[in-house]
Engineer: 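Pasting a structure here, questions to come.
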Protein chains: 2
Amino acid sequence: MRGMSNDDTQFDLPSESGTTETKYARKKVAAIEAAAQAFAEKGFHGATTHDIAAEMGIKQGSLYYYFKSKEQALQEVCEYGFENYVQQMEKICAKAQPFEAKMQMIITSHLTTYRQKNNAMKVHNDQRLYLPKERRQRLKELGTRYRQMLENTLQEGVQADTIRADIDTHFVAYSIIGMCNSWGAYLVRDESLDLFDTIQQCADLVLRGVLN
Amino acid sequence: MRGMSNDDTQFDLPSESGTTETKYARKKVAAIEAAAQAFAEKGFHGATTHDIAAEMGIKQGSLYYYFKSKEQALQEVCEYGFENYVQQMEKICAKAQPFEAKMQMIITSHLTTYRQKNNAMKVHNDQRLYLPKERRQRLKELGTRYRQMLENTLQEGVQADTIRADIDTHFVAYSIIGMCNSWGAYLVRDESLDLFDTIQQCADLVLRGVLN
DNA sequence: GATTTTTTCTATAGGGTTATAGATTATTTT
DNA sequence: AAAATAATCTATAACCCTATAGAAAAAATC
């Protein structure tokens, strides 16, 4: 038996052999991605453990070698989808850049993530509330961290006199996230939508609004 | 037996007696609202026919007097939630009003609907894709009509020289809808959020953006 | 190549779910 | 109040689903 850390996400310490990753770790990622695919398509309750296993080419029962329960699978998918997204935000915010450039990068990062890890991100957004609160802890922390970075960026914009002093940064942060999420969902559903164009339009709308 | 029109939504012709509505029609609405509540809370697949029936105070089997299937219940909830919302939009767009006033009204209508019929609207937004395409026909039509009215309004704004001529009305329409939906979801989740304030902020952001 | 460890499989217990049928109780009509 | 219609109930068939246990196959180690 393997990975019986009993508590949680056990990406075994890098082993000695060639690729630094265990066979297990690699297959575990595949499991997470299979679950992401299934949950994204049918929703958490609509997808079955059989669907996930089939996606991986193994049998339903074997899936439990990788997840202790279906619920844990959902949790891991959500964290997987959200984690490096928040990390990217961290990198963006660390750099010293003028406000407009930063905003552009933030939106780019957000929408690009959707195009890449589309399934896991979608699952995080649409299905995470089906997790019991205990299991959402980490996600909540990540979300808060993300939003705070966004608010800080806006504050910097105010300080630099680039953006209006009378905006409610808290509110605007939520709005940007909401708009990007909704565009993200479109990007996932409609492959033909141009990513770069969408980014431009979003940034333009947020920055300048529609008025003349 | 009643309402065996076999095809669909049968809100019987107004009867003669007092209230113009049959007992059936009244209870059917209650059924739709119960389903909306259940689906909103647990999702389409997560909620059971038992949940819905319990909400109405009847037994699981009795529910099938009102819906031919769980899927049809979802369809009716979605249509119920979306229909009068689109109607309201129609009224707003019919009136001759300056662009900014109209935009304000549109956002008000959108967010107010959420606060009122929160469950059905939420279900429409989050769960409608679990319906097979055939059952989404009407919803799609309604959605298109809505978006078109919004785009028209934006076009009028361009014509009146109130808003920038270089905006992509199609894109902006989607963005507004996306942002409002995401705020709508917050309004449903957090009762303490001030409706009027949210409306103001949304309108302000869309109209003016954040830049100085 | 024998032994140990990892991975997958089969089978199943113990649930839960939808939808239907036919009986039963309420409510209207005549 | 008898007859007809509407609304609800009980019971159940026919599924589907998760999670576990123990056997079996594959891979790695000695």
Side-chain angles (χ1 to χ4, degrees), chain A residues 1-6 10-13 15-19 21-32 34-35 38-39 42-76 130-132 135, chain B residues 1-6 10-13 15-19 21-32 34-35 38-39 42-76 130-132 135:
Chain A
M1 257 195 195
R2 181 11 144 342
M4 282 295 83
S5 31
N6 191 32
Q10 68 299 66
F11 273 81
D12 316 273
L13 312 167
S15 83
E16 354 60 32
S17 67
T19 31
E21 279 175 319
T22 6
K23 203 153 287 180
Y24 178 81
R26 247 176 297 132
K27 200 111 201 240
K28 170 96 194 208
V29 171
I32 291 177
F39 291 153
K42 305 189 177 180
F44 174 62
H45 297 287
T48 67
T49 51
H50 181 275
D51 293 333
I52 300 171
E55 182 76 28
M56 300 175 66
I58 62 176
K59 290 288 157 66
Q60 186 264 337
S62 308
L63 190 67
Y64 285 76
Y65 185 63
Y66 296 102
F67 300 115
K68 217 158 54 198
S69 69
K70 191 184 170 190
E71 213 175 57
Q72 201 201 317
L74 176 58
Q75 181 181 348
E76 294 197 27
Y130 297 134
L131 286 171
R135 285 188 183 276
Chain B
M1 261 196 193
R2 173 21 140 340
M4 283 295 81
S5 32
N6 193 32
Q10 67 301 63
F11 273 80
D12 316 274
L13 313 167
S15 82
E16 353 61 32
S17 68
T19 30
E21 277 174 321
T22 7
K23 201 153 290 180
Y24 178 81
R26 246 175 297 134
K27 199 111 201 235
K28 170 96 194 208
V29 171
I32 291 176
F39 291 153
K42 304 190 178 180
F44 174 61
H45 296 288
T48 68
T49 51
H50 181 276
D51 293 333
I52 302 171
E55 181 75 30
M56 299 175 66
I58 64 176
K59 290 287 155 68
Q60 185 265 338
S62 310
L63 191 66
Y64 286 75
Y65 186 63
Y66 296 103
F67 300 115
K68 217 157 55 197
S69 69
K70 191 185 170 189
E71 212 175 57
Q72 201 201 319
L74 176 57
Q75 181 180 348
E76 293 196 30
Y130 298 134
L131 285 171
R135 285 187 183 277

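We use all heavy atoms of the structure for the numbers below, so side chains are in, but hydrogens, waters and symmetry mates are not. Reminder, nothing fancy here: chain letters follow the sequence lines and each chain counts from 1.
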Engineer: Could you state the atom-to-atom distance from NZ of A:K59 to C1' of D:dA25 in whole Å?
Structural biologist: 13 Å

Engineer: Rounding to a whole Å, what distance do you find between A:F39:CZ and D:dC17:P?
Structural biologist: 13 Å

Engineer: Send over the distance from B:M56 CE to D:dA7 P, rounded to a whole Å.
Structural biologist: 11 Å

Engineer: Distance check needed: D:dT20 C1' versus A:L63 CG, whole Å only.
Structural biologist: 13 Å

Engineer: Has the side chain of B:K70 got a donor or acceptor atom that lies under 3.5 Å from a matching backbone atom of B:A47?
Structural biologist: yes

Engineer: Would you kindly give the OH-to-P distance between A:Y24 and C:dT7, to the nearest whole Å?
Structural biologist: 8 Å

Engineer: Between the side chains of B:E76 and B:Q72, is a donor N or O closer than 3.5 angstrom to an acceptor N or O?
Structural biologist: yes

Engineer: From CZ of A:R26 over to C1' of C:dT7, roughly how many Å is that when rounded to an integer?
Structural biologist: 14 Å

Engineer: Phosphate oxygens OP1/OP2 of C:dT28: is one of them under 4.0 Å from a side-chain N or O of B:K23?
Structural biologist: yes

Engineer: In chain order, what residues pass the side-chain hydrogen bond (donor to acceptor under 3.5 Å, both in side chains) check against A:Y130, with sequence neighbours excluded?
Structural biologist: B:Q127

Engineer: So B:Y65 and B:Y24, would you call those rings parallel, tilted or perpendicular, with 30° and 60° as cut-offs?
Structural biologist: perpendicular

Engineer: Give the nucleotide from the list D:dC9, C:dT7, D:dA7 with an atom nearest to the side chain of B:Y65.
Structural biologist: D:dA7

Engineer: Can you sort out the partners of B:T48 under side-chain hydrogen bond (donor to acceptor under 3.5 Å, both in side chains), two or more places apart, ordered by chain and number?
Structural biologist: B:D51

Engineer: Among D:dC9, C:dT27, C:dT7, which nucleotide sits nearest the side chain of B:I58?
Structural biologist: D:dC9

Engineer: Indicate for each nucleotide in nucleotides 18-26 of chain C, in 5' to 3' sequence, whether protein heavy atoms under 4.0 Å reach the base (B), only the sugar-phosphate (S), or nothing (-).
Structural biologist: BBB------

Engineer: Please report the interatomic distance OH(B:Y66) to CD1(B:I52), rounded to the nearest 0.5 Å.
Structural biologist: 14.0 Å

Engineer: What is the distance, to the nearest angstrom, from the CZ atom on A:F67 to the P atom on D:dT20?
Structural biologist: 15 Å

